[in-house]
**Student:** 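Below: one structure in structure tokens.
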Amino acid sequence: MKSGELRVPTAIAVTSADMALPAQDERTMPAVVLAGLDRKPLDQALTELHTLTEQYGHVVVVCSQATPEPVVRRLYTLRSLLESDRIALFRPALPPLGVAVLARQLRQLASCDLSPGVLACAGRLLTHYIHAGAVLGSVARLDRVPVGLKAHARSWVPGSQFAVLAHPEPQLVKVAPGATLKGPEFSTWLLVAKGQLPSEWAGGLGTRWGVHGLRETPLPAESPVWWGTGRMVEFCGYLADLSVLYQLVASVRRTSCHWCGIDVIGDRCVFCSAGPPGYDPPAPRALEPRTPA
């Protein structure tokens, strides 16, 4: 970029409006919502994505692994037809609420002096610092987290509830007095999205984790699909401070993608999926331990 040239922030896109969380701070960029991709005529969707790419230069589409397959197929089709290496499709192994939080963190970072490649790759780095889980009324259809036979049997008992942490380390406990989940060792905020399960357990988890504060949001439509039930309360512990997010990303050594040439961090370019040859990815940076509540 030439000196004095106005930088257009990289677009962070989601596939439905409920994955576009409200801005965390005044610098958070708005999300681009690519709604109804699978229902629009192909030429209309193609024109919209082409226009978006020309407007922003680069587009990072963040969607969950529970996003309907027709939508995902349409995204790959559009990217292929445009023959564009400026469109990144990122589907992290996080529950939908965690994906929405990650997309907002990228929207925060989009306002900073990060190149498109570094910003896109930052999503893979920041997943390490997201603690995502749910309180479930049943684990009978939960196939994304290891569930023992005993828990499966208990899920048929009326009134049973289970607290599950899907990321970063799978955990499952039966909700009972004193039950808890291992939380982050650094200060976070807690976001809670209530489904069809009456439960205050997730809110109490914020006290046990010593979070800065708790916020609520509507449950993403994809959450019941991901968790296998609508009787749930989803929660996510996350870093909210832009300065902390920026320091995490800026502390990682940058390299050039040997295929498309853009700057990247980590072991893979999110735009072309190639990795720098001989790259040894570093361990995620440890944050300062949180102060006990």
Side-chain angles (χ1 to χ4, degrees), residues 6-35 37 48-49 51-65 67 71 75 86-132 167 188-193 212-213 215-223 234 236-250 252 262-266 270-271:
L6 180 64
R7 187 185 78 89
V8 178
T10 299
I12 306 300
V14 293
T15 55
S16 60
D18 60 357
M19 299 295 282
L21 296 177
Q24 187 69 53
D25 53 49
E26 66 278 359
R27 292 188 58 178
T28 303
M29 303 301 299
V32 174
V33 180
L34 302 175
L37 277 180
E48 290 180 1
L49 189 56
T51 302
L52 191 65
T53 307
E54 291 301 305
Q55 178 181 353
Y56 288 93
H58 291 78
V59 180
V60 181
V61 184
V62 186
C63 57
S64 86
Q65 295 181 0
T67 299
V71 174
L75 280 168
R86 295 185 293 157
I87 302 171
L89 308 179
F90 184 42
R91 300 182 73 190
L94 290 169
L97 186 63
V99 173
V101 165
L102 179 63
R104 182 170 61 185
Q105 290 177 329
L106 294 179
R107 288 161 49 200
Q108 290 178 267
L109 288 168
S111 66
C112 301
D113 59 341
L114 298 175
S115 67
V118 171
L119 178 63
C121 293
R124 301 184 69 202
L125 170 69
L126 296 179
T127 58
H128 293 287
Y129 302 95
I130 289 178
H131 286 63
H167 190 276
T188 61
W189 281 78
L190 187 69
L191 186 66
V192 174
H212 283 304
R215 295 187 173 100
E216 293 190 5
T217 191
L219 185 72
E222 296 174 0
S223 294
E234 196 169 9
C236 182
Y238 65 99
L239 297 168
D241 192 322
L242 175 58
S243 64
V244 174
L245 297 173
Y246 181 81
Q247 289 171 12
L248 281 172
V249 176
V252 180
I262 64 174
D263 287 343
V264 298
I265 60 174
V270 179
F271 284 103

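Every heavy atom of this structure was used, including side-chain atoms; hydrogens, water molecules and symmetry mates were not.
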**Student:** Might you point out which heavy atoms bring A120 and V270 nearest each other, and give the distance in Å?
**Tutor:** O-CG2, 3.6 Å
**Student:** Atom CG of D263 and atom CG of L119: how far apart are they, to the nearest 0.5 Å?
**Tutor:** 12.5 Å
**Student:** Quick one: does T67's side chain get under 4.5 Å of L75's, heavy atoms only?
**Tutor:** no
**Student:** What are the two closest heavy atoms between T127 and L94, and how far apart are they?
**Tutor:** CG2-CD1, 3.9 Å
**Student:** How about V59 and V32: do any of their side-chain heavy atoms sit closer than 4.5 Å?
**Tutor:** no
**Student:** To the nearest 0.5 Å, what is the distance between OG1 on T28 and CG on L109?
**Tutor:** 9.5 Å
**Student:** Could you label the plane-to-plane angle of the F271 and H58 rings as parallel, tilted or perpendicular, counting under 30° as parallel and over 60° as perpendicular?
**Tutor:** perpendicular
**Student:** Closest approach of G237 and L190, non-hydrogen atoms and distance?
**Tutor:** N-CD1, 3.9 Å
**Student:** Has R27 got a side-chain atom pairing as donor or acceptor with S111's backbone, closer than 3.5 angstrom?
**Tutor:** yes
**Student:** Can you tell me how far OG1 of T188 sits from OH of Y129, rounded to the nearest 0.5 angstrom?
**Tutor:** 14.0 Å
**Student:** Shortest non-hydrogen contact from L106 to G123?
**Tutor:** CD2-N, 3.8 Å
**Student:** Backbone N or O of A93 within a donor-acceptor pair of the H167 side chain at under 3.5 Å?
**Tutor:** no
**Student:** Where do T10 and Y56 land on the side chain to side chain contact (heavy atoms under 4.5 Å, CB included) test, with the steps shown first?
**Tutor:** CA-CA 6 Å; T10 299; Y56 288 93; over 6 Å; no
**Student:** Go through C112 and L242 one step at a time and tell me if the side chain to side chain contact (heavy atoms under 4.5 Å, CB included) criterion holds.
**Tutor:** CA-CA 9 Å; C112 301; L242 175 58; 3.9 Å; yes
**Student:** What I'd like to find out is whether the side chain of L97 reaches to under 4.5 Å of the side chain of T217, using heavy atoms alone.
**Tutor:** yes
**Student:** E26: which residues meet the salt bridge (Lys or Arg N to Asp or Glu O under 4.0 Å) condition with it, sequence neighbours left out?
**Tutor:** none
**Student:** What are the two closest non-hydrogen atoms of G98 and I130, and how far apart are they?
**Tutor:** O-CD1, 3.9 Å
**Student:** Is a donor on one side and an acceptor on the other found under 3.5 Å between the side chain of R107 and the backbone of L21?
**Tutor:** yes
**Student:** Can you tell if the side chain of W189 reaches within under 4.5 Å of the side chain of Y238, non-hydrogen atoms only?
**Tutor:** yes
**Student:** Working to the nearest 0.5 Å, report the span between CZ of R86 and CD1 of I262.
**Tutor:** 11.5 Å
**Student:** Would you compute the distance between atom CD of E48 and atom CG of L37 and round it to the nearest 0.5 angstrom?
**Tutor:** 7.5 Å
**Student:** Take R124 and F90, measure what side chain to side chain contact (heavy atoms under 4.5 Å, CB included) needs, and give me the verdict at the end.
**Tutor:** CA-CA 9 Å; R124 301 184 69 202; F90 184 42; 3.6 Å; yes
**Student:** Between D25 and Q108, is the side chain to side chain contact (heavy atoms under 4.5 Å, CB included) condition met? List the steps.
**Tutor:** CA-CA 8 Å; D25 53 49; Q108 290 178 267; 3.0 Å; yes
**Student:** CG/L126 to CD/Q105 distance, rounded to the nearest 0.5 angstrom?
**Tutor:** 5.0 Å
**Student:** Quick check against the 3.5 Å criterion: does R91 have a side-chain atom that pairs as donor or acceptor with the backbone of C63?
**Tutor:** no
**Student:** Whether the side chain of E222 engages the backbone of Q65 through a donor-acceptor N/O pair (distance < 3.5 Å, no angle test) should be reported.
**Tutor:** no
**Student:** Minimum heavy-atom separation for D18 and A221, please, with both atom names.
**Tutor:** OD2-N, 2.7 Å
